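For reference, the structure is listed below as structure tokens.
Just so you know, ligand 1 is whichever comes first in the structure, and atom 1 is the first atom listed for that ligand. All values derive from a computational prediction rather than experimental measurement. Both backbone and side-chain heavy atoms feed into the values below; hydrogens, waters and symmetry mates do not.
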Amino acid sequence: MKRIFVNIGKLVQVENREAVLKRCGKEMSDLDIIENAYLAIDGEVISDFGSMETLSRLSENGVEYWLENMADEVVDMKGAIIMPGFCDSHTHLVFAGSREREFIDKIKGLSYKEIAARGGGILNSAQLLHNTTEEELLRQSHARACEIISFGTSAIEIKSGYGLNPQDEIKMLRVAKRLGEITPLTVKTTFLGAHALPARFAGNREEYVNEIINEMIPVIAAEDLADFIDVFTEEGFFSVEDTDRILNAGMKYGLRAKVHANQMSFSGGVQVGVKYNAISVDHLEFTGEEEFALLKDSDTMATLLPGSTFFLEMEYAPARRMIESGLAVAIATNYNPGSSPYGDMRFMMGLAALKYKMTTEEIINAVTINGAYAMGLSESHGSIARGKRADFNVIKEIPSLDFIPYSFTSPLVEQIWIGGVKI
Ligand code: NIG
């Protein structure tokens, strides 16, 4: 089916010149917009776009000509804004149940680490997941996937990490993969066996790392269940040495690195991530000049997760200094039951403005093209470009683009198109 969308008020994040895979530093202020535009799609992909003026020049007969020669359907956008679907590059969306009791403990004053040390946290989710069938896990996760689609997200990364044994890690990854088949979302999967030390290995982390390397990675790679491998590199979780061993083993099986880095301390997670050419290092609340310099010279995306910083009431990552140091920054939801129980990229955009002091242009780059890069998807997602997947959101009439992070709880996304289909 060929469709042409005409009279678009603003077509946002277009790639008019050479292909852009990510935007770094000052370039994060670049946001190409065509005013009064058209967008043509052919099946699942974008076939063309430009200004209405160019389109009108094709024929004096307008709509009739386009219908005959360019499209099966002409959709009049009546001045609405179109922008790419959001690319959420860090989530733990596959989980069982919920953890609101820990939320109450937190309100009563317990820290994230104290809750974890009492058997709450990730280990609590692991127990819940262990007691949940694959079918039920899929049902619960599917509901969350549908919810985030309704917020305007069209591509997502989903991690394992609440299994913590071979069977349950595989169960999670299978469910994540299924979500990519039964929903319109593009899904990339990440194996995060090293998310926490399971109780059966208490006091013997090395043995668990051996299990990850010798028993989990080979099976997950053989079944093609993951695109990436990740480690929670933090005191009380996994050391830099553990991370090094795990990323090295994953790399041998073709799994590109990601790292939960520097969330609660200067953990060395950035250093080991860059050493393994990680596609992204995520969190980064505790980073400074040394980390910025390493990231600047690397192909690694700095992915920030303001939702969990907000929920855990911690210090925000130094986003402004990162951008001023020339880094590429992506923003993701970190949707998970413990530290970010929401998957709404619009809320992240509001937080990015308020807490990171990012401009609207920087934020849009961070949630589209840079998010796509952090999932290895920037050749197919994250901007309006010929040949890219036709994933876009129609935004209702707003006074300016700044209204998006400003009015972040308003349901501004009026229509969602994924793979050329209206959802
Ligand atoms: O990114 N930091 C590690 N993992 C998650 C939290 C997961 C949980 O508490 O269940 C995070 O914040």
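Residues passing the salt bridge (charged side-chain N to carboxylate O under 4.0 Å, His left out) test with E102 are R99, sequence neighbours excluded. The side-chain contact (heavy atoms from CB on, under 4.5 Å) search around E234 returns F232, F237, Q263, M264, S265, S267, not counting sequence neighbours. Among residues two or more places apart in sequence or in another chain, the side-chain contact (heavy atoms from CB on, under 4.5 Å) test is passed with Y253 by I217, P218, A221.
Between E362 and the options K357, R320, R23, a salt bridge (Lys or Arg N to Asp or Glu O under 4.0 Å) holds for only R320. The only member of F86, F310, F311 that meets ring-ring contact (aromatic ring centres under 6.0 Å, His included) when paired with F347 is F310.
In this structure, the side chains of H142 and T183 come closer than 4.5 Å at one or more pairs of heavy atoms.
Sorted by chain and number, the heavy-atom contacts of ligand 1 below 4.0 Å come from H92, R99, Y112, I122, Y162, H195, F232, H260, Q263, H283, N334, N336, G338, S339.
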